[in-house]
Q: 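Structure provided below as C-alpha cells; questions to follow.
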Amino acid sequence: MSQAAAIDQQRVTDSQNAEAWRDPWSLPLESLDPARAILFKENVHEEYFRRLRQDDPVHYTANSEFGAYWSITKYNDIVAVDSNHKVFSSYKNIVVGDAPDEFYSPMFIAQDPPIHDVQRRAAQPAVAPTQLADLEALIRQRVCTILDELPVGEEFNWVDRVSIELTTQMLATLFDFPFEDRHLLPYWSDVATATPSTGRSDVTFEERNKVLQECLNYFGQLWHQRKNEPRKFDFISLLAHDPETKDMLDNPMEFLGNLILLIVGGNDTTRNSISGGVIQLNRAPEQWEKLKANPALVPNMVSEIIRYQTPLAHMRRTALEDIEFQGKQIKKGDRVVMWYISGNRDEEVIEEADKFKVDRENARRHVSFGFGIHRCMGNRVAEMQLRILWEEILNRFERIEVVGEPERVLSNFVLGYTRLPVVLHAK
Amino acid sequence: MPKITFIEFDGTAHEVDVPAGGSVMEAAVSNNVPGIDADCGGACACATCHVFVNEAWMDKVGERGDMEQSMLDFAENVRATSRLSCQIVLTDELDGLVVDMPEAQH
Ligand code: HEM
Ligand code: FES
C-alpha cells in the first residue's frame, strides 16, 4: 500500500465516526479535500464534487498530503483556466502533488511555450488524420482478432483480455514498437505512474529507476535505428528526424520524460474508457438496446463514454501571478487543480449529467480531453479505437454481462479499473 | 441579417442568414451546416471550428487573436487564410461572407 493510502486508511480508522469521510455533506465545507485517492477508489468522489459545485465552486484546501491547492469544479471555469496558459502554467507539475526532484523528468505536457510547442509539433504527425486513416484497417483487424479469441459463456477479466491488450497493440503501432515485446509498454507505463504525487506508490524508488533505465535503453536503440533510416510516421522516427528534437537523446531525462508522456498518455486513458463503456452499458440496459437498434449511434456513444468515464480526473496548473478568479484570490505559486470529473457532471452545461445516454445531444461537449494548447493530442486515436471496438462488438455479441463488482484504481488522477469480470453472450 | 456561404470540402455550398452579433461558428452549428465540431462551444480552446476565409474577405474579418494563433499552431493544414470561426463575430459588414471548410476538424 502506498504511504498516502496508508495515511488515509489510518485517518479513517482513527476518526470518531469512521464512515464520516464517505459523506461530504456531513463535513465542514472548509475541510473538504477532494484529492484523496481513497475517495476515487471507493467511488464516493461524486458527492464531494456535487457539494463543491453547489457550495464553493472555486475551493481552497489548506491542508492535504499534497500541500494546499485550489479546486476548480465548474465546467466553464475549467475551460477558462485551461485556456489561460499565460497565467496558469503547466511547468513543471500537472498533477496535484509535486513530483519529488528525484522523480522529475521533463515532458512537453508539463512545459509552457515555447518548449511545449516545438516538441508537440514534432510528435503530432504520428496521430494526424491521414496517418489515422492509414492505421484504421490495421486496428480493425487487431480488434477482430482479440474479440474472436474471447471465450463465450465463461467468466473472464475484461480489463486484461480486452482493455489492456487492445491499448497495448495500439501503442505498439504508434511507436512502431516490436510487436512481440509490446507488453513492456503497459509495464513501463505502470511503473512510471507509480509516484506518490497521485496517491499511488507501490514501487520503490530504486525499482522504478531500474525499470525506467531499461525503458530508456530499449528506446535508445530504436532511436539509433530510426535515425539512420528514412523518416516514418511513428513517434520515435518523428522525434529523431525533427530539427527541433533530433538531439533529444543527448538529454536522456527529457527523452525518457517524453516517452513516458506518449506511453502513459495513451495507455490508462484509453484502457479505462474501454472498460468504462462496458460498465455504463450494463448499468443502463435500455441504452444498450437503443444502441443495438441503431448502431449509427456508436460515434456519439464514444464521446459519451469518454465524458462519463473521465479517464483523467484532473490536471493541475501553477499560478504565475496573483489573480482574482470567481471572487477568490489565487496567489502566485498556488496549485490550481481543474477537476475534469466534476466539470463533466456540471448540470449548468450538461443536462442530466449523471445519466449515461448513447444519443446525448452535443456529446462532444465534455472536458475529458482538456482544452487550450495542451488539449489531448491523441483524442482522435482514442475515439477511433473505441469506435472500431464497439462496431465489432455489435457485430458479434448479444450482450456483455458484468458478473461481479469492478475493482477501481487507487488514484486521484487515473480513473479506472483493475478488474472487470464479464461473461459474453453469443448473438 | 448577414448572409454567409459555407463551402464543404467536397464543394457543397450552404447559404445561411443569421442575425449580426453571433459568431460564424454559431451560424454554422445553429443551421446544421456539417463540418464544424466546435467541441469547446466557442471558447477558442479546441480548434475544431477551423475555416478558410475567402481571399476577398480577409481584410474585413480582421486579424487572428493571440489565443486563436496558439490554437491554430496545433491544427492540421493551416493556411494563411485559416481562422477559428468562433472568433469571427458577424456584423452587417460581413454580409455575403464566403468560407471554405477543411477536410476534417482534426
Ligand atoms: C480517452 C482517452 C484519452 C483521454 C481522456 C486523454 C486525456 C488527456 C488530457 C486531459 C490531457 C491534458 C489536457 C490539458 O491539459 O488541457 C491530455 C494530453 C495529452 N494526451 Fe491524451 N487522452 C487520451 C488518449 C490519448 C492517446 C491515445 C494519446 C497518444 C497516443 C494521448 C496523448 C496525449 C498527449 C501527448 C498529451 C499532451 C498534449 C500537450 O501537452 O500538448 N492521449 N490527454
Ligand atoms: S469552437 Fe473551439 S476553438 Fe472555436
Side-chain angles (χ1 to χ4, degrees), chain A residues 75-88 108 112-114 116-125 127-133 299-300 303 306-307 338 343 346 348-350 361-384, chain B residues 6 8-11 18 22-52 63-80 82-89 100-106:
Chain A
Y75 188 106
N76 288 321
D77 291 345
I78 290 170
V79 178
V81 169
D82 222 352
S83 50
N84 187 355
H85 57 268
K86 292 203 170 116
V87 173
F88 298 105
F108 69 83
D112 294 327
H116 162 268
D117 299 9
V118 294
Q119 295 185 351
R120 172 164 175 152
R121 243 178 262 135
Q124 191 161 289
V127 288
T130 41
Q131 190 53 22
L132 292 192
N300 200 71
S303 292
I306 294 170
R307 174 189 77 91
M338 302 172 282
D346 185 349
E348 266 173 38
V349 178
I350 300 170
E361 263 180 55
N362 285 327
R364 299 195 63 81
R365 206 151 291 172
H366 61 70
V367 284
S368 296
F369 291 128
F371 280 117
I373 60 170
H374 290 281
R375 181 170 167 80
C376 180
M377 193 180 92
N379 59 349
R380 304 290 172 165
V381 192
E383 289 170 349
M384 177 170 90
Chain B
F6 293 92
E8 284 186 66
F9 191 73
D10 69 6
V18 277
S23 72
V24 171
M25 178 278 281
E26 287 162 345
V29 171
S30 58
N31 287 285
N32 296 318
V33 176
I36 289 197
D37 289 352
D39 290 356
C40 78
C44 197
C46 71
T48 64
C49 63
H50 183 190
V51 296
F52 307 115
E63 305 268 305
R64 297 173 186 166
D66 269 0
M67 185 60 192
E68 185 181 356
Q69 182 60 53
S70 300
M71 292 309 298
L72 279 169
D73 278 347
F74 302 108
E76 297 293 329
N77 303 316
V78 173
R79 305 181 198 153
S82 290
R83 291 292 309 268
L84 295 181
S85 58
C86 68
Q87 300 304 301
I88 306 176
V89 178
D100 290 284
M101 313 274 219
E103 186 170 8
Q105 291 294 349
H106 45 85

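Note that the coordinates shown come from a computational prediction; the quantities given were computed from them, not determined experimentally. Letters go in sequence order (proteins before strands), and every chain restarts at 1.
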Q: Can you tell me how far apart CG (A:Asn362) and CG (B:Asp39) are? Round to the nearest 0.5 Å.
A: 10.0 Å

Q: Nearest 0.5 Å, what's the NZ-OG distance between A:Lys86 and B:Ser70?
A: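 Between A:Lys86 NZ and B:Ser70 OG, I get 6.0 Å after rounding to 0.5 Å.
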
Q: Looking at every heavy atom in both B:Phe74 and A:Gln124, which two are closest together, and how far apart are they?
A: O-NE2, 2.8 Å

Q: Please check: side-chain N/O of B:Glu76 versus main-chain N/O of A:Ala128, any donor-acceptor pairing under 3.5 Å?
A: no

Q: Contact part of B:Asn77 toward chain A, heavy-atom cut-off under 4.5 Å: side chain, backbone, both or neither?
A: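 Neither; nothing under 4.5 Å.
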
Q: At a 4.5 Å cut-off on heavy atoms, which part of A:Arg380 comes close to chain B: side chain, backbone, both, or neither?
A: side chain

Q: Specify which of B:Cys44, B:Gly41, B:Ala104, B:Ala47 makes the most heavy-atom pairs with chain A at under 4.5 Å.
A: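 So the answer, after comparing B:Cys44, B:Gly41, B:Ala104, B:Ala47, is B:Gly41.
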
Q: Should we count CD of A:Glu348 as having more than 12 external heavy atoms under 6.0 Å?
A: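 Atom CD in A:Glu348 is not crowded, with 12 or fewer foreign heavy atoms closer than 6.0 Å.
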
Q: Please check if atom CG in B:Asp66 has more than 12 non-hydrogen atoms from other residues, nucleotides or ligands closer than 6.0 Å.
A: no

Q: Indicate the atoms forming the closest heavy-atom contact of B:Ala45 with A:Phe371, along with that distance.
A: O-CD2, 3.3 Å

Q: Using every non-hydrogen atom in the two residues, find where A:Arg121 and B:Asp73 come nearest and quote the distance to one decimal.
A: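 Looks like NE-O, 3.6 Å.
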
Q: Is there side-chain contact between A:Ser83 and B:Met67, with at least one heavy-atom pair below 4.5 Å?
A: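 Touching, per the 4.5 Å side-chain cut-off.
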
Q: Between A:Arg375 and B:Cys40, is there a side-chain heavy-atom distance shorter than 4.5 Å?
A: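 No, their side chains stay 4.5 Å or more apart.
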
